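Just so it is clear, the model here is predicted, and its values are computed rather than measured. Atoms within each ligand, like the ligands themselves, are counted from 1 in listed order.
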Amino acid sequence: MFTHCLVCHTPFPPNEELEYFSVSTRVAYDAERGRLWAICRSCKRWSLAPIEERWEALEELEKAVKDRAKLLSQTDNVALLRVGELDVVRVGRANLTEEAWWRYGRELTQRAAKHKKLAFIGTAAAGAAIMGGWAPGGISWLGAWLLWDNAPEQVTEAARWLRFGGSAWRGNRSCSRCGHVFRTIAYRDRGQVILSPGTGAGDALSVTQRCPLCGDLGDGGLHLRGKEGEYVSRRLLAYHHHRGASEQRVRSATRLIEEAGSPEDLTRIVIKEGRRLGDLQRTGAIALEIAANDTVEQRLLELELAQVEAHWREEEELASIIDGELTPLPLMESIRRKVAGIR
Ligand SMILES: [Zn+2]
Ligand SMILES: [Zn+2]
């Protein structure tokens, strides 16, 4: 089996999901026509697997997809799936229900893992500082205790600052009631920020801040809607959940979205006409972050899917020529029948 892209010779990173086709972490297949490709991350072209090595791999892939794949997105011709660490393009419509919000849930659990790592580095760094201070006798017990206790928090706070900066929004808006000028929404004030459902079609969330001068939040106050509201609310929620969430929490949150019916319905249920971020229950808030980001990811995926479909058309044309010329037809037919489940 090849280990490099047949077009640009970039080595494929091997996957640990498949026994019979471990060459690449991005693969494409067509069970019906008996095709199997490794996709290059560098040039995006597809390398067709030698025909005699497709048999087991195709069966294994189809089984992995049926048993444990998560559907990212699909068109009538191709489906984009994930099996563990493996990206899979399956030609034909996958008979799976789309778990749209699952995609962003992964980002939250990864954030939690990273936070744990940072907290651990913080503890290790504090340990080193304590040991270092200990030698010349320059650190008190109290100092050591304070350092030990607070260092992980400081490390993760620093990481949060590096990632988000100090404010979720900067601009220049006036309160239409009293003329007070809004210039920033600081993250530390996020608990008071009101999140409400988007106003236009396709708008995720709006952001409202009460006017600190006249107290109004109807006509007056600060209102961020449309793309701006979506962007700022996603920043606020991500900052709020900087530590991420456990897989169990993400599961509960996605269950809420499932029961609500759609990300939009979930948003309406959790924040109704509008609620302060600080008043939200944790699971509801996590579900809200997942729902808010899913709309955006969906848009990006649709772009990617259009590209994948264009590649598939080219590669399939090539594959049909290669297979047709080099492969005895009966073998091809038997692969096709076996994998497609035709007896
Ligand atoms: Zn390549
Ligand atoms: Zn005002």
Side-chain angles (χ1 to χ4, degrees), residues 1-15 17-18 21-30 35-51 53-54 57 61 78 80 82 85-91 167-186 188-196 199 206-225 228-229 232 236 273-278 303-323 326:
M1 185 62 77
F2 47 68
T3 54
H4 293 64
C5 169
L6 298 180
V7 181
C8 75
H9 306 293
T10 302
F12 288 121
N15 74 69
E17 299 290 337
L18 301 173
F21 198 58
S22 59
V23 288
S24 170
T25 52
R26 198 151 214 216
V27 303
Y29 77 104
D30 181 341
R35 314 250 198 258
L36 177 65
W37 296 270
I39 303 179
C40 177
R41 284 182 187 273
S42 170
C43 73
K44 313 261 184 205
R45 291 291 303 274
W46 299 13
S47 295
L48 188 66
I51 187 109
E53 293 176 44
R54 285 182 214 163
L61 248 173
V78 291
L80 212 57
R82 191 161 288 140
E85 294 299 297
L86 195 65
D87 286 327
V88 179
V89 175
R90 185 185 183 280
V91 177
S167 55
W169 171 85
R170 281 177 194 284
N172 193 337
R173 298 281 174 80
S174 314
C175 171
S176 64
R177 201 154 158 227
C178 74
H180 169 77
V181 178
F182 291 90
R183 294 197 188 281
T184 174
I185 298 179
R188 62 172 177 278
D189 299 332
R190 67 188 182 280
Q192 307 301 319
V193 169
I194 296 161
L195 300 176
S196 49
T199 43
S206 300
V207 171
T208 306
Q209 203 175 34
R210 186 185 287 279
C211 178
L213 208 64
C214 69
D216 197 57
L217 51 70
D219 295 333
L222 173 68
H223 300 275
L224 306 174
R225 299 191 176 102
E228 198 178 26
V232 174
L236 284 165
E273 294 299 297
R275 288 183 73 179
R276 297 192 321 169
L277 178 53
L303 283 178
E304 179 163 9
L305 207 58
Q307 275 186 346
V308 165
E309 195 169 337
H311 278 293
W312 164 67
R313 284 183 199 286
E314 279 176 33
E315 304 295 351
E316 169 52 35
E317 208 179 304
L318 258 171
S320 70
I321 296 167
I322 296 169
D323 283 353
L326 303 180

* The single option from Lys44, Arg45, Arg35 passing salt bridge (charged side-chain N to carboxylate O under 4.0 Å, His left out) against Glu315 ->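 Among the candidates, only Arg45 passes.
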
Reported [atom1]-to-[atom2] distance for the pair [X] and [Y], which is rounded to 0.5 angstrom:
{"X": "Ser196", "Y": "Arg276", "atom1": "OG", "atom2": "CZ", "result": "14.5 Å"}
{"X": "Trp312", "Y": "Leu305", "atom1": "CH2", "atom2": "CG", "result": "11.5 Å"}
{"X": "Leu80", "Y": "Glu304", "atom1": "CG", "atom2": "CD", "result": "5.5 Å"}
{"X": "Thr25", "Y": "Leu18", "atom1": "OG1", "atom2": "CG", "result": "10.5 Å"}
{"X": "Arg183", "Y": "Asn172", "atom1": "CZ", "atom2": "CG", "result": "4.5 Å"}

* To do: Evaluate whether atom CZ of Arg41 has more than 12 neighbouring non-hydrogen atoms of other residues, nucleotides or ligands under 6.0 angstrom away.
  =>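 Counting neighbours around CZ of Arg41, more than 12 heavy atoms of other residues, nucleotides or ligands fall under 6.0 Å, so yes.
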
* When you look at CG of Asp219, are more than 12 heavy atoms from neighbouring residues, nucleotides or ligands closer to it than 6.0 Å? ->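 No - once you tally the heavy atoms of other residues, nucleotides and ligands closer than 6.0 Å, there are 12 at most.
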
* Count, waters excluded, of protein N, O or S atoms under 2.8 Å from the Zn ion (ligand 1) ->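 Excluding waters, the total comes to 4.
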
* Look at Glu317 together with Arg313 and state whether they make a salt bridge at an N to O cut-off of under 4.0 Å. =>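 Salt bridge flag = no for Arg313 with Glu317.
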
* Under 2.8 Å from the Zn ion (ligand 2), which protein N, O or S atoms are there? Could you list them by chain and number? =>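 You should have found Cys175 SG, Cys178 SG, Cys211 SG, Cys214 SG.
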
